[in-house]
Amino acid sequence: MKDTLIALLGQTVEKLQADNHIPADLQPDIQITNTKDASHGDLATNLAMMLAKPAGKNPREMATLIIDNLPANDLVEKVDIAGPGFINFFIKSGSTLSVVKNILDQAENFGLSELGKGKKIQVEFVSANPTGPLHVGHGRGAAYGATVADLYEAVGYEVHREYYVNDAGRQMDILGTSIWLRYLEKCGIDFEFPVNGYKGDYIYDIATEIETEYEDKFVFTHEELMNGIPADEPHGGDKELHIDALISRAKELLGKASYRIIFDSGLNSIIGDIRDDLKHFGIEYQDWYSERTLEDRNLVSKAIERLQTAGHIYEKDGALWFRSTDFGDEKDRVVKRDNGQTTYFASDIAYHMEKIERGYDIVIDVWGADHHGYVPRVRAALQALGDDADKLKVLLVQFANLFRGGEKVQMSTRSGSFVTLRELREEVGNDAARFFYVMRKCEQHLDFDLDLAKSQSNDNPVYYIQYAHARVCSVLRQLKEKNLTHDTNNGQSNLPLLTEPHEISLVKKLNQYTSTLESAAIKAEPHLMVHYLRELASELHTYYNAHQFIVDDKNIRDARLNLIIACRQIIANGLKLLGVSAPEAM
RNA sequence: GCGCCUGUAGCUCAGAUGGAUAGAGUGUUGCCCUCCGAAGGCAAAGGUCACAGGUUCGACUCCUGUCAGGCGCGCCA
């Protein structure tokens with residue numbers, strides 16, 4: 001509809017230019033907006049106000065001129081000039097009613113579009129270090145990333161969901177060593193657990209599994225373990241040096257193969273747990289991409305070489321630096337340390353280089369907002385490699401704070417006292433969790449009210465929307481109980497009987513679904529869908545209270561039932577995109 | 001100190017590329033079930049859009065500055 005009007009106005013502009021009413025070189029960007037107020041018609045344009053100045057006319061005069069030169073169209077009922085010079089379009093109601101038929105015909109496919117047809121997009125999200133279970137902070141990235149991916153898919157993009165597994169690096173060594181130390185404890189070796197080690201209960205579980213399978217195969221004496229290890233923090237030492245020494249000791253005593261066994265049992269156990277957690281949260285990936293395979297394929301050194309060839313690498317203090325300041329970063333970054341080890345950043349350059357090489361049109365990274373300082377350097381690297389850095393879109397998700405009984409719930413990862421995503425899901429349910437996580441724009445801090453999410457009352461927006469869906473189902477059950485039937489075709493031909501203000505307004509709302517979905521997808525803003533669904537549910541509840549659907553007049557009854565079934569379909573479609581169920585009864 | 005995000009009703013938040021009288025929910029107050037589920041609806045009240053300038057026909061929106069809150073600034077990952 002909007003496109004039709006834009007085309008009509010485009011013709012008008014050309015005509016006015018031909019008649020020398022407005023400068024011929026002007027190329028106005030014609031904008032059509034939905035009106036907020038019904039008295040302003042259905043759609044409006046500010047074109048007259050934009051053209052007024054270059055044409056040397058006042059806006060209302062300009063508007064008259066535009067309307068006089070507007071080609072006729074049988075969808076347009078009436079055109080008005082209002083306010084400072086808006087042109088309001090009133091659309092014939094028959095043409096807007098067709099949405100009801102379309103929804104019933106296309107059912108769960110209604111609203112899908114081909115906007116992104118032929119375009120490939122990759123969405124990488126969560127990608128939490130596999131050093132422990134996901135916590136509630138990861139949950140937001142998970143829900144947000146998954147919804148953004150689903151929205152893109154709904155508007156026709158080919159979407160590849162990916163989890164980047166950081167299965168290399170120091171954090172993972174700390175994990176492997178922590179597991180080994182807990183195992184040693186279980187086997188009766190006496191020592192003090194490092195302050196920097198991972199202390200969660202899951203570490204004990206993994207240690208127990210290893211003990212069950214390998215018994216005392218990895219046991220060493222206290223002396224072998226601790227001899228020459230620098231003191232830990234509580235004893236006046238440095239906790240980083242202490243843990244690093246323990247890692248080296250673990251590798252040395254266990255040997256490569258045994259160390260790998262312990263390391264991998266930790267990795268596999270935790271990744272398996274994360275995978276299971278996300279699956280139950282309604283999230284599945286096309287790929288779990290291993291950081292280790294980057295090294296196995298020499299991609300990290302290849303990336304550094306490419307940068308070197310392009311002249312963006314220099315040596316200082318025995319390390320290799322990437323001159324990222326040439327591309328807007330605030331300081332240069334080390335890619336290879338003086339000890340010969342490549343940095344995490346180097347892996348990330350390789351990873352992003354490889355992503356671009358895979359041929360995606362858009363590469364989306366969903367990161368926690370605490371990583372925002374990292375964006376310029378990754379972008380710089382892509383530019384330096386000569387890749388199209390504009391393909392990379394980084395979406396930063398702010399933190400989520402949990403509230404219980406009005407109090408902020410404290411969380412800390414290392415101490416092991418954090419609230420896990422799994423606990424949250426069990427407490428409030430998947431529906432409420434998915435919904436609450438995407439209720440706000442991603443750059444907005446999220447206050448997650450546990451009591452509200454759990455409450456089965458009108459306060460809770462999830463229930464409010466789900467109830468609207470269940471209510472329509474309930475009406476249809478009533479119909480059956482009264483031994484009445486619903487004739488969809490009869491309803492279709494009697495749609496023009498829907499002339500009540502509530503009905504017209506509802507039809508208008510249904511007509512906005514497709515554009516809402518498209519804009520939610522393109523802007524990566526799932527909250528737009530949340531707001532839309534709430535408004536639709538609200539109008540449906542209002543309609544329900546104002547009018548009886550199961551009336552004696554068969555024609556009106558069938559038409560009304562068609563309308564509310566269409567609403568139910570849209571609610572179901574929208575909720576599905578958010579990963580929320582649409583129950584038939586509650 | 002520098003950088004990113006945020007500041008809109010008592011509270012939690014919407015306000016696309018600048019547009020008409022700044023909107024919801026919640027809370028407060030008052031109504032509505034002999035009627036398809038009251039997990040609902042209707043109505044009232046509630047605002048210096050953090051502050052100060054600027055840009056223009058027009059600014060919550062764009063620019064500059066100030067203030068406040070969050071986060072980030074390692075040869076960690």
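Note that these values count all heavy atoms, side chains included, but never hydrogens, waters or copies made by symmetry.
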### Message
Please classify the nucleic acid contact of T542(A) as base, sugar-phosphate, or nothing, using heavy-atom distances under 4.0 Å.
### Response
sugar-phosphate
### Query
Rounded to whole angstrom units, what separation is found between the CD atom of Q478(A) and the P atom of G40(B)?
19 Å
### Task
Taking only the side-chain nitrogens and oxygens of Y544(A), find out if one of them lies under 4.0 Å from OP1 or OP2 of A39(B).
no
### Task
Identify the residue among F125(A), F448(A), Y144(A) that makes a ring-ring contact (aromatic ring centres under 6.0 Å, His included) with Y437(A).
F448(A)
### Task
Would you kindly check whether a donor in the side chain of H372(A) faces an acceptor in the base of C5(B), or vice versa, at under 3.5 angstrom?
no
#### Entry: Side-chain N,O (Q398(A)) to OP1/OP2 (G70(B)) below 4.0 Å
no
### Query
Can you tell me how far C1' of A24(B) sits from CG of L533(A), to the nearest Å?
14 Å
### Query
Rounding to a whole Å, what distance do you find between Q171(A):CD and C76(B):P?
12 Å
### Pairwise 5' ranking along RNA chain B for G318(A) and L446(A), keeping only the more 5' one
L446(A)
### Task
Could you tell me whether the phosphate oxygens of A14(B), OP1 or OP2, come under 4.0 Å of any side-chain nitrogen or oxygen in Q444(A)?
yes
### Query
Does H445(A) place a side-chain N or O at less than 4.0 Å from the phosphate oxygens OP1/OP2 of U12(B)?
no
### Query
Want to settle it: does Y344(A) or D370(A) sit nearer the 5' end of RNA chain B, counting the closest nucleotide to each?
D370(A)
### Query
Any donor-acceptor pair under 3.5 Å between the side chain of N88(A) and the base of A20(B)?
yes
### Query
Do the side-chain N or O atoms of R377(A) get closer than 4.0 angstrom to the phosphate oxygens (OP1, OP2) of G72(B)?
no
### Message
Taking only side-chain N and O atoms of K441(A), does any of them lie within less than 4.0 angstrom of OP1 or OP2 on C5(B)?
### Response
no
### Query
Parallel under 30°, tilted from 30 to 60°, perpendicular over 60°: which one fits the rings of F322(A) and H312(A)?
perpendicular
### Message
Parallel, tilted or perpendicular, judged at 30° and 60°: which one describes the rings of H502(A) and Y543(A)?
### Response
tilted
### Message
Partner lookup for C11(B), please. Criteria are Watson-Crick or G-U wobble with both distances under 3.5 angstrom; report none if nothing qualifies.
### Response
G25(B)
### Query
So, is R471(A) close to the A38(B) phosphate, meaning a side-chain N or O under 4.0 Å from OP1 or OP2?
yes
### Message
Restricting to side-chain contact (heavy atoms from CB on, under 4.5 Å), what partner residues turn up for P194(A), sequence neighbours left out?
### Response
L181(A), D232(A), H242(A), I243(A), L246(A)
#### Entry: Ion pair check, K441(A) and E525(A), cut-off under 4.0 Å
no
### Message
Side-chain N or O of K331(A) versus OP1/OP2 of G74(B): is the shortest distance under 4.0 Å?
### Response
yes
### Query
Roughly, in whole Å, what's the span from CG in D449(A) to P in U12(B)?
11 Å
### Task
Tell which nucleotide pairs with A45(B), taking only Watson-Crick or G-U wobble pairs whose two distances are both under 3.5 angstrom.
none
### Task
Take atom CD of E535(A) and atom C1' of G15(B), then tell me their distance rounded to the nearest Å.
11 Å
